[in-house]
Structures are given as C-alpha cells and as structure tokens.
Amino acid sequence: MRDITGGPEMGREYVPSEIEKKWQDIWESRGVFKAVEDPSRPKFYALVEFPYPSGDGLHVGHPRSYTAMDIIARKRRMEGYSVLFPIGWDAFGLPTENYAMKHKIHPRVVTQRNVDRFRKQLKSLGYSFDWSREVNTSDPAYYRWTQWIFLKFFEKGLAYKAEMPINWCTSCKIGLANEEVVGGRCERCGGEVIRKVKSQWMLKITDYAQKLLDDLEPLDYIDKVKVQQRNWIGRSEGAEIDFPVVGTDKKITVFTTRPDTLFGATYMVLSPEHPLIDDCKALITNWDEVEEYRKEAMKKSDFERAEVAKEKTGVPLSGLRAINPATNREIPIWISDYVLMTYGTGAIMAVPGHDQRDWEFARKFGLPIVEVVKGGDIQKEAYTDIETGVMVNSEFLNGLRPVEAIEKMIEWLEEKGVGRRAVNYKLRDWVFSRQRYWGEPIPLIHCEKCGWVPVPEDQLPVLLPDLEDYVPSGTEESPLARLADWVNTQCPKCGGPAKRETDTMPNWAGSSWYFLRYTDPHNDREFASMEKMKYWLPVDWYNGGMEHVTLHLLYSRFWHKFLYDQGLVPTPEPYQKRTAHGVILGEDGEKMSKSRGNVVNPDELVREFGADAFRVYEMFIGAFDQAVPWSQQGLKGCRRFLERVWKLMDILDGTPTYSPEFEAAMHRTIKKVSLDYERMKFNTAVAAMMSLVNDFHARGRITRGELRSLLLILNPVAPHITEEMWEMAGFEGHIWEQSWPTWDEAKTIEEMVEIPVQIDGKNRATVTVPRSAFEGDVRDAALQEERVQRHLKGREIIKEVYVPGKVYSIVTAESRAPETRN
RNA sequence: GCGAGGGUGUCGGAACUGGUAGACGAGCUGGACUUAGGAUCCAGUGCCGCAAGGCGUAGGGGUUCAAAUCCCCUCCCUCGCACCA
C-alpha cells in the first residue's frame, strides 16, 4: 500500500484529532482571526446569532449557521477584506433560572458553566471567530449599557408604564410579548397563556412602525424575511369615523378600511373591554347581562377567543344607540369578543353586507343587512370585493366603484369633520417587563413625590443582587421584590425614600444591540465608540433562524433606529443583508428534542469523524435554507471524501501549473465553488469538489498547481485538513495568508462538446464536436450516426434546429402524422 | 381563510436565461483484497424489457423542434399570520 518512492509524508494516515487541535492552537496563539480596524482595506462584518448557552450544550443546528458564515468570513479574508466575525452569549433568560431553582445553583454559576462548555465546543469546530471580542449579556460590564440604552428610551418617552391586559403565562408566571405567544401558548414552555391586567413597562415600537416598514425596502434581506416583517407590522389604510352616542356628548370612533360602506353600517360593536361601556353604565338598561358577558370574555384565554371557527357571541347595550353620520339614523350598539381592544380603536362599525364577520353576527342576532355594493348575493354571504362591485343605496357614492368610493367618502368625512384618513398597524407596543430574577434590572426608582426617576448614569449598572431564592413569589412580582434592602432606596432627585423597580428586562433586550458592542467590546466609557462603529457598521451579512424574524430582528432594528435618531449610531439600519438557514431535524425526520430522544451531540461526532468532516457534512446535508434530517451515514460519506482528499498526497506530482486536460475543470470548479459560497449553495459547492477529487483519483495524478487551488477553495469548509496538507506539500506560508483563487472565464469552456441529437423530440444519439463547429459540420456528424440513420429511415425531414453547443434537433413529417389523420 | 415556499430514484438532494433529468452523497447489488471488515478499491444501480425500444420530475390539459423549468386546472405538503375591522 505504501509507496516508498514518494516523499517523506507519503502514506501518512489522516488523523483529524492530531491536526485539528494543532491548527486551532496556531490560529489562536498568532491571533490570525483578530479583527483590526484597517482603513486601507475594505471591511466586512459577518454576524451569526449568538447562542443562548443552554445546559444541553451545542446542538447540531448551531453549527449550520456558524459554518456557513465561517466560510464567508474566511473567503472574505482571502479576498483582502478586514473581517469582523464575532461571537458571544445571550446569557440571561428563563431556562437558566429554572435550572438554577431546580438544582439550587446560582444562575450566574450555571451560566458560567454553560458558556465554558459552549466555548469549548465551538473552539473544537475551528471557527474563525475573534474570541477577544466575546460578549456576555449577563456581564455587568455589558448590561450596564443595556440599562443605559433603556434610560434613553425612558428619557425620550418611549418607555412607559401602563396598566394593560397582557399575555400571562400561567406556567412561567411572567408576562409575555405578543411575539412570544404562539397559538395561545407560551413560546418557551408551552404553558397556557391567559389575559391579565398588570402594570407593565412598555417600549413604544409602534412609533417606528412606518420606518421599520419603509426602510425594509432597499435592504438585502431574503424575501421571506421581508414578507414576514411586513405582515407582522401589518399596515392598513382607511379612515377613522366618529359615531355620536345618542343622549350623551360622547362619540365612538372606529377604524375601518372600508369607509365606502358607511351607508351600510347598521350597528356597532365594541370590544368587551371598551372604556365607553363603563362611562355609559347609567344609560345601559341590561347591565347585569352586559357585566356577565364581560366577565366571561375576560376569563377566556386569547386562544379561546381567537378560535375562528367558533360561533359569534355578544350582547346588546340596551338603551344605548349611536348615529350613523352618513344616514343620520340611529343604530344599536353591541359588545362582542370578536372585536379586539388591542386593534384599531376597540370598536367597529358593522357592515354586515360587506364583511363576513359582521354578516355572521347579524345573521345570528337578526340585525339588518343592507346592500351598498352591488355585485354579490348578500343573502348568501357578505360581498367583499372592491374591484368589481358598484356602489348603491349610498347617495353621493352611488355608481362609483368601491375603490373610488373609499376616496370620496374620506373627503366627505373630513369636510364634515366626522372622520379622517387614518393608518393602522397590527404591531403593538412591546411589553418590556418580566417578573423574574435572571435579567437586567430596570434602572428606575419610584418616588412618591417625583414619580419614576432614572438611576443616574454614573450609578449604572444597577447590579442584579445575589439572591438565595429566585422562586417566583406567586404574588406576580419579581423575586427581587422580596429584597427589602435592595428595593428601598433614595430618590436620586429629591433624596426622599423611594423604591426600585423590581421587574427585569426580557431576554430580547441584550440581543437588541449586541452587534454594536462587538465593534468595541471593552469600552467602559460608551456602549461603543462612534469611530469603531463607523468603521464596522452596518453588519454586512447576518445569518440566523426564521424563528427570530418577528422577534429579535424587528426589535433590534427598532433599537438601532432609535439610537440612530439620537445620533448614537452611524447607520439607520443595523444589518445590510439577512439570510436564514433551515432547521436540522433528527434522523427520524422529526424536530430534534430531548423528549423525542433524537438529539445528536456534536462532541461525539467531532471525536469520531473530526471537525472538518462534521463541517463538510453540515454544509453538504442539503439546501441551506431548507429543513433537513440528520444522517450519520451522510457524515460518514463526508469523512470518506476527506480521506480521498488526503490521499491526493499519494498521487501528487511536481508540476507547478494545471495540466492541460484539467485546466477547464479547475477553472470551472473554482468558479462554481466561489459563486456557490456566495449564494449559500454550499451543498453543490461541496459536490463539485467531490467530483473534482474523484476525477483526480481516476486519473491517478494531481499536479501541485491543481492541489494548491483545490486546498484554497476547500479551506473555508475544511480549514484544518487543508492547512495541514498545505504544509505537507510545502506550499509557501499558510492558507489564511493566501489570496482567493481566480478563474478565467474563457478557460472554463471546454473545447469539445457533446451535442445530443434529437429526432422528433427524442434523444437518439450524441456527437462530440468542437464548441465552435458550424451547423453544417454538426449536421454531417449527426447524420453519420447509425442510430440517427435508423430513425430517419423512410421519414421526411421537415425542420432542423441547431442550438450551438446545446442540441441538434430534427423534425420529420411523420411526427405530425397522428394529428392530421384525425 | 390569507400570505410565502414546495412536490424529482430507495433516501438527502442536483439540473444555467426551456436544450442529454437524476450531478454529488447515502443505501443497495456484484466483484477484488483480506484472518476479519461496519476498512479500502473496482463495476453496476430511475422503471418495464433479452434486446430494439418504450415510459418517466404529484395528477390532468396546453404552448414549443424541445418542458422538472413557461401557461391553465386539480390534488397534496411545509412554514408564517390567523375574527386585524
């Protein structure tokens, strides 16, 4: 087996464990991947979502994103960019707190342990992170600035405390943001979510709804992400219309996207929480019934309330009537839980003829249905089309199409002063407090005299005090509330006795600005210096999961825009480009989870197959943006591939250039791999390199020139083996110091091409001709083929098509015969 | 229901602006080398057929010399939102 005629390295075995540690140590000790602000070079900021260091350690899903961006980062360095590719820890959060409670270990200790494990695991995979810039959101030196930014929101009036019904997770015992409620359940623990009125800190993200929407347009985000953000923001255009309440000086304002149908509004519906109900209690003659309905509605979870299929319920507010400002007729007012307090004004004008929900409600309670848009059959269902219908029963709107009538009605409303053009968003303000221990304390102090007072900047951070017991109090307050020494303090303004806020921030706080801190992670005077941010921002390429599109991605864009408006960051958007990877499923095709017992541990795999094989497989497993099941066999195949790469050393010859017969293949592969990396088509890039390696073995020879380029393009995926082989082969320096190989477009084209010959649309033969061959020559070659002659026998050629370099197509009269016969 | 993306061998998946469907990997079959092999190497592998040939990209129709790719209809799957007025 061993060929003693070769060099001294001939026949050496591929042992990943020997070479991987070696190169990781070299990279680290020489600071190879340290990011430097070098004004003479273009910069590139590559970002992956920093992990939550859970107790389970790294999951095979994490490396999918990290390997992908590591490939991009390594390629960029070779292309001459100054690259920032950082990593850190999103370290505050519930699972750690829950684990700490269960095992009676302080969350800080648990976090430290988990972070150490994650760091070790990530290092074993050989990522080119700049480890000197590691951040940890639970580090006081970090959350000092999270608190500082929060105070900026507070100063500008964008952080406010409000009594409002919130989503309350009965299991975590905390309030949740809307974004954290999935299908009526807690996104984190799956517990039931109910509505609860609580005083909560809120961040006014709605002030930025329009900017968040508009500025999305020019960004290089994958379409799916843009669409989801747009849907979540949920802008809709229409009008607000005021309906006077008979016998009072009050009016009910509604938001509608269909002001054109105002003449068809035959009743109104208020949300059960609508404040007008209490305001008009004296006039309501069926109060008991109303009260009863409201109680029932409050008891229901949002999930129950939102069940679409369920039948509509409601009660009238007897004694209360409103006036339709268009018809001047009195119409009844009802309450129903299909109207949400949290959208629009919490009240609607019901147009049963042209809104399906109103139609169902009207049908059930025998309310009048008036047709104001002709075109459907409102006996059967509401007619909602606005393109084709024609306005009727609507005085000055009659004859118009609804789209025109909408405009005309808005003009009319504004003229009469009973309504106005309006825009509404589904996006709600962000519930920002959590009644938990393991999070950033909200740096505010409540003073009887001065109200809410911010902790002075020079006293930040407000340290999270050590606690023996972090069990939620059950009083729906944070465990911090039990620490009297900590809670009771002095008002920074008047010096009088005051109390600290005991709620903490959600774990989306720290992650809303971590990418800023990476640019200047050790700064103790600012969250990051403007100079450093100006060099690095915006993030050039951010990859992460689809699950964070409506949460983290939107929140961090909001924070960034706010900071930009305060002149604190240099760019209006944080991320120039956003891509998303698909999830990795268990071998059974199910979502990986401990309960299913299908979780794959990367540590063992790295030990058995090596980090390089693991990385190659993570990229080869399937299309990057799709969900794919893990396969141990597939990983083995990638290890075999690296073995075959390694064995190229045995067939290496000294020629410094490409051999003529491989020149086109080399240029083509460099081109394909280069472009595929950029398009995140890592699976086909790997496949192309596998093919090339197979071809070298088939030939039994590879030149030094060929090996050199192959190692360079394979390096971003498999950095250890390629550095080792580079050294073994005695190439100059190290791969990380090399330039990315180039290709010559002209040389990617093979001189000779195989042209399929089709007769009546079927392939009958192939001919090999020079790419530049004339049509006549190709024809001659084609007609000489035995199979072609056989199929043309007794047939009349009526058409011939030659697509140069692609196909020669012959059509005979007989191909048309079956049709003419009929 | 609305929005987005998909249905290709036994499996993961390839296929440029329409141009030899199934690259690459896995699995499987046969062979070689071996004390052995769950290592390695070689050959084969969409389906039917001895072959010639025929059939094949969810199903049906259409455009075209030529369709996985373009158009129409139907079915199915995944993801997101879900009484948003």
Side-chain angles (χ1 to χ4, degrees), chain A residues 1 182-183 223-232 234-236 238 254-258 261 269 271 305-310 312 336-340 342-351 354-358 360-361 424-428 546-547 549-550 582-583 589 616-617 620-623 625-638 640-641 643-644 647 672 675 681 683-694 697-698 754-766 787 790-791 798-812 815:
Chain A
M1 189 71 203
V182 177
D223 217 45
K224 251 203 298 197
V225 171
K226 284 193 184 180
V227 167
Q228 268 189 45
Q229 290 222 347
R230 280 195 202 107
N231 288 347
W232 193 263
R235 181 191 155 99
S236 53
V254 302
F255 173 75
T256 177
T257 54
R258 294 293 307 275
T261 60
V269 187
S271 159
R305 262 179 82 156
E307 265 184 279
V308 184
K310 102 181 162 192
K312 302 254 180 300
S336 170
D337 64 6
Y338 84 91
V339 174
L340 311 172
T342 47
Y343 183 77
T345 61
I348 61 155
M349 64 177 207
V351 185
H354 307 286
D355 181 289
Q356 190 58 27
R357 296 155 298 181
D358 298 343
E360 283 163 22
F361 193 82
N424 229 293
Y425 302 91
K426 284 202 311 194
L427 187 70
R428 318 280 155 80
M546 280 309 291
E547 67 274 24
V549 170
T550 50
V583 287
V616 171
Y617 181 59
F620 186 64
I621 188 167
D625 58 353
Q626 263 154 44
V628 275
W630 185 263
S631 153
Q632 188 92 333
Q633 284 304 328
L635 173 56
K636 260 190 195 168
C638 290
R640 275 181 214 150
F641 163 59
E643 297 276 2
R644 287 199 303 278
K647 284 190 194 136
K672 174 151 186 68
L675 298 180
K681 305 211 58 164
N683 54 336
T684 51
V686 170
M689 291 186 281
M690 286 174 165
S691 252
L692 186 65
V693 169
N694 289 346
H697 278 295
E754 259 192 352
I755 304 283
V757 181
Q758 296 181 351
I759 294 166
D760 296 335
K762 292 196 193 314
N763 294 317
R764 294 302 182 186
T766 60
R787 290 217 325 160
R790 182 145 43 88
H791 281 94
I798 55 170
K799 186 171 181 177
E800 285 169 82
V801 179
Y802 176 55
V803 183
K806 297 283 189 190
V807 73
Y808 196 88
S809 184
I810 300 168
V811 190
T812 69
S815 71

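In what follows, chains carry the letters A, B, and so on, assigned in the order in which the sequence lines appear, proteins first and then strands, with residues in each chain numbered from 1.
- A straight line from NZ of A:Lys636 to C1' of B:G37 spans 12 Å, rounded to a whole angstrom.
- If A:Met546 and A:Ala688 are placed on RNA chain B by their nearest nucleotide, the residue sitting closer to the 5' end is A:Ala688.
- One interatomic measurement links the two molecules: CZ of A:Phe255 to P of B:C83, which rounds to 17 Å at whole-angstrom precision.
- For A:Tyr338, whose side chain is taken as the heavy atoms from C-beta onward, the closest listed nucleotide among B:G27, B:G19, B:C83 is B:C83.
- For B:C79, its base never sits under 3.5 Å from the side chain of A:Lys224 at any donor and acceptor pair.
- A straight line from NZ of A:Lys426 to P of B:G80 spans 14 Å, rounded to a whole angstrom.
- Contact check for A:Ile755 versus A:Tyr802: side-chain heavy atoms found under the 4.5 Å cut-off.
- Per the geometry, CD1 belonging to A:Ile759 stands 14 Å off P belonging to B:A66, to the nearest Å.
- For the pair A:Lys681 and B:A15, the criterion of a side-chain N or O lying under 4.0 Å from OP1 or OP2 is met.
- To the nearest angstrom, C1' of B:C83 lies 9 Å from CG of A:Asp355.
- With B:G19, B:U20, B:C24 as the choices, the nucleotide that has an atom nearest any side-chain atom of A:Ser809 turns out to be B:G19.
- A:Tyr617 contributes no side-chain N or O that, together with a main-chain N or O of A:Gly637, makes up a donor-acceptor pair within less than 3.5 Å.
- The glycosidic torsion of B:G6 lies more than 90° away from 0, which places this base in the anti conformation.
- Using atom P as the reference point in both B:A15 and B:A4, the two lie 24 Å apart (nearest Å).
- The nearest whole Å value for the distance from the CD atom in A:Gln228 to the P atom in B:U78 is 17 Å.
- Between A:Lys762 and B:C55, a side-chain N or O to OP1/OP2 separation shorter than 4.0 Å is present.
- B:G56 is unpaired under the Watson-Crick or G-U wobble criterion, no partner having all donor-acceptor distances under 3.5 Å.
- Nearer the 5' end of RNA chain B, as judged by each residue's closest nucleotide, is the contact made by A:Ala623, out of A:Ala623 and A:Thr766.
- Note: CE (A:Met689) to P (B:A14) measures 16 Å, nearest angstrom.
- Taking the P atom of each, B:C72 and B:A23 are spaced 32 Å apart, rounded to whole Å.
- When the P atom is used for both B:U10 and B:G6, the distance is 24 Å, rounded to whole Å.
- Among all heavy-atom pairs drawn from A:Lys426 and A:Trp232, the shortest one is CB-O, 3.8 Å.
- In this entry B:U45 has B:G27 as its Watson-Crick or G-U wobble partner, both defining distances falling under 3.5 Å.
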Practice task
Start with the C-alpha distance between A:Thr812 and A:Asp760, add both sets of side-chain angles, then the distance that settles side-chain hydrogen bond (donor to acceptor under 3.5 Å, both in side chains), and finish with yes or no.
Solution key: CA-CA 6 Å; A:Thr812 69; A:Asp760 296 335; 2.8 Å; yes
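- Of the nucleotides present, B:C2 is the one that pairs with B:G80 by Watson-Crick or G-U wobble criteria, both distances under 3.5 Å.
- Among the nucleotides B:A14, B:C81, B:G53, the one closest to any side-chain atom of A:Trp232 is B:C81.
- Using a 4.0 Å heavy-atom criterion, one finds that A:Arg235 contacts no nucleic acid atom at all.
- With hydrogens and angles ignored, a donor-acceptor pair under 3.5 angstrom links the side chain of A:Arg428 to the base of B:C84.
- Between B:A66 and A:Asn763, no contact under 4.0 Å exists linking OP1 or OP2 to a side-chain N or O.
- As judged by a 4.0 angstrom heavy-atom cut-off over every strand, A:Ser631 is placed among residues making no nucleic acid contact.
- Backbone-only contact: A:Ser236 has heavy atoms under 4.0 Å from sugar-phosphate atoms and none from a base.
- Of the candidate nucleotides B:U20, B:G53, B:C84, B:U20 has the atom lying nearest to any side-chain atom of A:Pro756.
- B:A39 and B:U34 are spaced 10 Å apart, taking the C1' atom of each and rounding to whole Å.
- Comparing atom distances between the A:Gln633 side chain and each of B:A26, B:A85, B:A23 picks out B:A26 as nearest.
- When heavy atoms are screened at a 4.0 angstrom cut-off, A:Val227 is found touching the sugar-phosphate backbone but no base atom.
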Check nucleotides 6-12 of chain B against the protein and report each pair of N or O atoms closer than 3.5 Å, with its distance, or say if there are none.
residue, atom, partner, partner atom, Å
B:G12, O2', A:Ile621, O, 2.6

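- In terms of heavy atoms, A:Val616 sits closest to A:Phe641 at CG1-CD2, 4.3 Å.
- Atom name C1', nucleotides B:A14 and B:U69: the rounded distance is 14 Å, in whole Å.
- Across B:U8 and B:G13, the matching P atoms stand 9 Å from one another, rounded to whole Å.
- Between A:Tyr338 and A:Glu360, the closest side-chain pair of non-hydrogen atoms is not below 4.5 Å.
- In this entry B:G22 has no Watson-Crick or G-U wobble partner, no candidate having both defining distances under 3.5 Å.
- Across A:Pro629 and A:Gly589, no two heavy atoms sit closer than the pair CB-CA, 4.2 Å.
- Per the geometry, CE belonging to A:Met690 stands 14 Å off P belonging to B:A14, to the nearest Å.
- Of the possible donor and acceptor atoms, one in the side chain of A:His697 sits under 3.5 Å from a partner among the backbone N and O of A:Arg644.
- Remark: the separation of the P atoms in B:U57 and B:G46 is 16 Å, to the nearest Å.
- Taking every side-chain heavy atom of A:Ala687 into account, B:A23 is the closest of B:G19, B:A23, B:C81.
- Looking at heavy-atom distances under 4.0 Å, A:Asn694 makes contact with sugar-phosphate atoms alone, never a base.
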Completion exercise
The contact string for nucleotides 41-52 of chain B, one letter per nucleotide 5' to 3', using protein heavy atoms under 4.0 Å with B, S and - for base, sugar-phosphate only and none, comes out as -----------S
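- Heavy-atom minimum distance, A:Val269 versus A:Ala350: CG2-CB, 4.4 Å.
- Rounded to a whole angstrom, the distance from the C1' atom of B:A68 to that of B:G59 is 14 Å.
- Checked by atom type and distance alone, the side chain of A:Gln229 pairs as donor or acceptor with a backbone atom of A:Val549 at under 3.5 Å.
- Looking at every heavy atom in both residues, A:Arg258 comes nearest to A:His354 through NH1-O, 4.2 Å.
- Using the Watson-Crick or G-U wobble rule with both distances under 3.5 Å, B:G9 pairs with nothing in any strand shown.
- Using a distance-only test at 3.5 Å, with no hydrogens or angles considered, a donor-acceptor pair links the side chain of A:Arg787 to the main chain of A:Arg764.
- Side-chain atoms of A:Asn424 never come within 3.5 Å of backbone atoms of A:Ser236 as a donor-acceptor pair (strictly under, hydrogens ignored).
- Minimum heavy-atom separation, A:Asp625 to A:Lys224: O-NZ, 4.5 Å.
- As the counterpart of B:U64, no nucleotide is assigned, since no Watson-Crick or G-U wobble pattern has both distances under 3.5 Å.
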